[in-house]
Structure formats: C-alpha cells, structure tokens
Amino acid sequence: MKLVEALKILRDNPPTGSENHNVFLACGFTPLHLQTFLGAYLRRLFPDRRISIHTGLFSDCLGNLERLPKSPLDAVAVVLEWDDLDPRLGLRQLGGWGPGIHSDILTNVENRLDRFFKAIVDAADEYPVALCSPTLPLPPISFQPRWQDGAFELELHDSLGRFSATIARIRGVRVASRQRLEEESPASERRDIKSELTTGFPYRLAHASTVAGFLARLICPPAPKKGLITDLDDTLWHGILGEVGIRGITWDLDHHSLIHGLYQQVLGSLAETGVLIAAASKNNRETVDQAIQREDLVIPGRYLFPVEAHWGPKSDSVGRILRTWNIAADSVVFVDDSPLELAEVKAAYPDIECLRFPTHDYREAYAFLGELRDLLGKETIVAEDSIRRESLRRSALFHEGDSASLTPSMGFLKDVEAELSLDFAKDPEDPRAFELINKTNQFNLNGRRYSQGRWRDYLRQLDTFLLRVAYRDKFGPLGTIAVLAGRRQPEALQIDFWVMSCRAFSRRIEHRCLEQLFEQLEVERIAFDYQPTQRNGPLQDFFSSLLDGVPQPGFQLTRDRFKARCPALFHRLVSLPNG
Amino acid sequence: MADLQSRLIDCFSGVFPMLAADEIPRASTTTVEAWDSIATATLMAVMEEQFGIQVAPEDLDRFVSFREILAYLQSREIAD
C-alpha cells in the first residue's frame, strides 16, 4: 500500500455513530507512517468502524506498554526494535560500539526482554497483543566483517529467539512471522537512514506498510477455510489411475513426482488440525477405493472423507461433499490440475476458492503449498479439531441409521443414547467458545463477530453468563458444539449470542438448551438479540417452529409458549461441577 | 507545470484532508494549523513516493508553503 493511498483510506470517515475500534501501538520510534498504514489496513478490515490508533511517548516502548491507557482497547500492537532493548543497538544515541561493551549490552538486553515479557503478558491478560520483534538489521557494532557472524550477534539473536518462542505460547499473543516478513520485505530494503536521523522514523515506506499489514492480520486474522476438496490424478498423486493402474501412480523422488508427496504431507498435516479433506475424482470408484488404501500414501486414506469417484461433473461431487460436511462453499478450497474442472466448479459454486495444482512447475507448486497454509492454517488447535472428521462420519451414520435426512424420527432419537454436558463456567479465554462465535453461520442468532478483546470485555461484565454445550451419543462425541451468552435483566433473560455447529443439527439440542435456560436460570421470559442474516436460515426455521411465524429482531419467548411447542427430548443431561 | 501542480495538490489533499482543493495553492505553515513537523515529514514521504525523488534533509527548511514546494519541485526538474 502506498502512503498516499493509506492517507486517502483514512480520510473517508465511516458514518457518524459508527463503533470505535481502538488499538494501542507501542513502539520506541516515532510511529508516523506506521500508525497511518496500520490505521488504513484496519480500516479496510473494519470499513464500518472508526479506527483510532493510540500511541505513547517517543523512545519509550517499554514504558508505553507498562502504562497502557485505562480506556478499553480492542488490541495492542507492539513493534520492537533493537534500540528498545539497548539504545546502543540503535543509531540515534552515541553510546559506543567497542567490543568492551558487548557483554554489558547482552546483559542489558536480557534484562529488558524480561521486562518486556512481563509487560506483554500483563497486556495480553486484558487485550489481544500483536507482536513484531526487531525487523531492522543490527548496526555495524560487531568487530567481525559482515559476512561472518560473531558470538555477540549470535547471542543477541539467541536471546530474542528464546523470548519470542516463550511469548508465542502466551494465550492472546500473536507473533509476526520473521520468515514471512523476510519474504515480503527483504532485510536490506527496510531501513530508511535519512528518515531515522531526521524524523526518528526508521522504516522505508514499503517496509512500514508490510509491518502494518502483518499487525493488522494478527489483530484481525482472516477466518480460515474449513475444508479442502482435492482432485486425485496428477494432483494428489502423479499419473492417471485409469491408465497406469494402482501401482503406477507415484509421489516419490524416483519418478520425479515428490511434489505430490509433499502435497499429501501438507494435506495430512492440515487434516490433523481439524481441516476437512475430501476427494473428487473422475474415475472408477472401485479403483479409487483400492488406490487410497495404499499403505505408502503419505496422507492416510481414512483422512479423505467423503470420497466422490464417478464420471459425472465435478460440481456434482462438490455439491454432495458440501452437503455431507454441511458447510458453505465460501469455507472451502477446491484443488484440481485441470483449468476446465476448476472453471466448471467455480461456475456452479462462485464462492468456492478454486486453486490449480501446478503439476509441471515445482517452484509454483511449492509456493502453492504455502498458500494452502495461509488459507487453512489456524491459530490454535482445540480438542474438537481432532474429532471433527470422525464426528462427520458418525453424523452420516446418524442420518443413515434413520434413513431420514433432516428430521430423525422420535424412535431413532430415543435410541442414540444422546448425552448433553452443560457448562455454565465463564471462561473468557476458552478458545473453542470464541471460535464458535466467530465462525458459525447457519445456526447463529445474529451473525455478530467479536474481536478477542471485546469478547473478553463482554464476559467480564458481572451480569453476563456463558453456556457451553457438549454432545455425545452412541456414535461418539461431537465435542463442544453450542455456545450461548447473555445477560440477566430484571424483565427477561437477554440472549446476545447463540451459535451451534452444523454438525449438531437434527438432534433437538437447541430445544434442550432453551429448556435448560428456563429451568436452571429460573426465568419466565427470554429475549433474543436476533437479526436475520443471509446464512442463518436454520436458526430462523427453528424459531419459526416455536413462534408460529417468522421471528422479528428482539423477539421474546415465554416459558409457557416454549413448553407448548417443545417436542419430546431424550438427551441425558450432565451438569459439570462448576455449572 | 499544470500537471506538476495537480500532482502536488493530490499530495497535499492526502496530508491535509481538511483543505479544499482551491485552498491548497495558498497553504502555508502560517495558514494551516495542522501543518506541524509531523505533517512536514508526512508530506515529504508522500512526495518522495509520488515523484520518485529523495528530498535532502537540508531542503526540508523550504517546506513551508505550497508555493515554495512547487518551486522546489520545478528546480529539481521533475517531469510533468
């Protein structure tokens, strides 16, 4: 982004009365253009919000962090440079660069990193923190020629590496990737010596824009895609299965096809973090079933679910896979080596992310593997990620077991031995609750998304409550599948958030949740902060069945009406000890 | 010349969004309250970006009015 473009983005104010988005930018240099770029990137991410970037005193990054303003913030961005760890590692103070002071600098850096660690942990207790560790090269302080690393410089990098590795484990702290920064902004193109010495701003504009872009993504990461549908021939493996047979397909060095093995390795790794992986191939079903049973496949065949193999259009396969997963096309990546197949799927599902597997170009193929991580990578792995694929298989069994797709019979529901765990413990740090609030679309009360800071602030209010619901039945556990949050008001219980994973539909869990709210919280009336969205049709249908009409924003439901409309429920209830 | 002026007006409108286009040619540090050292640094960076030039630190003293800056650019023989 150019500076003039950033200024123009910030010039166009959002409508009056817009929500504020407050970010504190802690850095030791004058924030100048970094502040402008950060504001502009955040404005792009939050076009309806008024972006305020607060800054502190020049040359006191640590102090600014230790004295964060009391007013509520949505996030804190910390941009460290070497002179924040010891001014002698910067260019604006003449404290000497002789070898005699190196050990003193090392000691000082360790001490400062300890203080930064404490300040960042304290900040992360209140707000999400995005951290960018020093990006500028060290000045010519060492006595070795620049092609040689001396122990002093290596120890400095070692201290910083240990600090970053430890702080990255703190919940609420996200650290900018040094490797990716290096790819987008080479080290030799970062420092603006004239600007640093004249205005105190040390970055070239392009580097400032890159750092700001990283910070904005760390503050508001894009929602990761949930699933990937892959072609098989010349994509998951090299070769056309129908021509070369099960033993003829390859993904190894000997056949110059290892790039397909690397692709399998990435898919396997994504599958183990809860990303859904399916296959769509124009092939004979039996042959495909045998091929994916090959034991040397890098991604175990059981990770592919469902597998669509037939001679019909790929878009038909994609449609069936989306229905099995019960997720929308815009949450899915489709990979194929054929531009024709990609175009056919894109025409049927314009929202799907279609990527061509670059079979014949190793360089492009390697970059493609990185792109998959960007699209499907996630910040943390929660327990539900490890059971998602199996729970989908079970869900398929669940519906097959009753041979009715959406409305299982009462007898069937009675026999599945369903068990619901209700947990009223209010844990603002629970990543699963936050994840469900921010990624669920279909059963979502209002589609509202919250930043981590706002979610924490919300739950820290005394009158709010949080209910997390986990489900299991004789087919296995689904994990935490629903979250409700609201406030106790004198006239009614106010529900501000209600989301439920699509994997949990058709089990009357939503009815049980309402029943338990009425009973456990002893209220006669519940008010819902409902808003229709383009995607929350299943939630609208549920309420329509209780209200005998389309729900309206802010509608209320009484205990008597609910009782009159509630069907028979068979779940065994487990209340957790702190519930 | 006319194009150089309009490109400079574009730079000014980014840095001083409160100024109307017809006010910009008369802008100076004495007439624009928001024109402080940070605005000067931002203006310099925007101009370097837009005109592909490097402004020498000693030339910053000339950044006191639109007219002076336009003359500076003309002296640098920036292509229209």
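Here is the naming used below: chain letters follow the sequence lines, and residue numbers restart at 1 for every chain.
With chain B as partner, the option from A:Thr198, A:Leu32, A:Thr199 having the largest number of non-hydrogen pairs under 4.5 angstrom is A:Leu32. In terms of heavy-atom pairs under 4.5 angstrom with chain A, the leader among B:Ser37, B:Cys11, B:Ala45 is B:Ala45. Between chain A and the options B:Thr42, B:Val15, B:Leu60, heavy-atom pairs under 4.5 Å are most frequent for B:Thr42.
You'll find the ring centres of A:Phe46 and A:His21 inside the 6.0 Å limit. Aromatic rings of B:Phe12 and B:Phe66 (six-membered ring for Trp) have centroids within the 6.0 Å cut-off, being under it. Remark: aromatic rings of A:Tyr203 and A:Phe29 are close, center separation under 6.0 Å.
Both the backbone and the side chain of A:Lys2 come within contact range of chain B, with heavy atoms under 4.5 Å apart. Only the side chain of B:Met44 comes within less than 4.5 Å of a heavy atom in chain A; its backbone stays farther off. The part of A:Leu205 that comes within reach of chain B is its side chain, from C-beta onward, which places non-hydrogen atoms under 4.5 angstrom from that chain. Using a 4.5 Å cut-off between heavy atoms, B:Thr40 makes no contact with chain A at all.
Counting only distance, with no hydrogens or angles, the side chain of A:Glu81 and the backbone of A:Thr135 share a donor-acceptor pair below 3.5 Å.
If you check the side chains of A:Ser133 and A:Arg178, you find a donor sitting under 3.5 Å from an acceptor. With hydrogens and angles left out, the side-chain atoms of A:Asn22 and A:Asp74 include no donor and acceptor closer than 3.5 Å.
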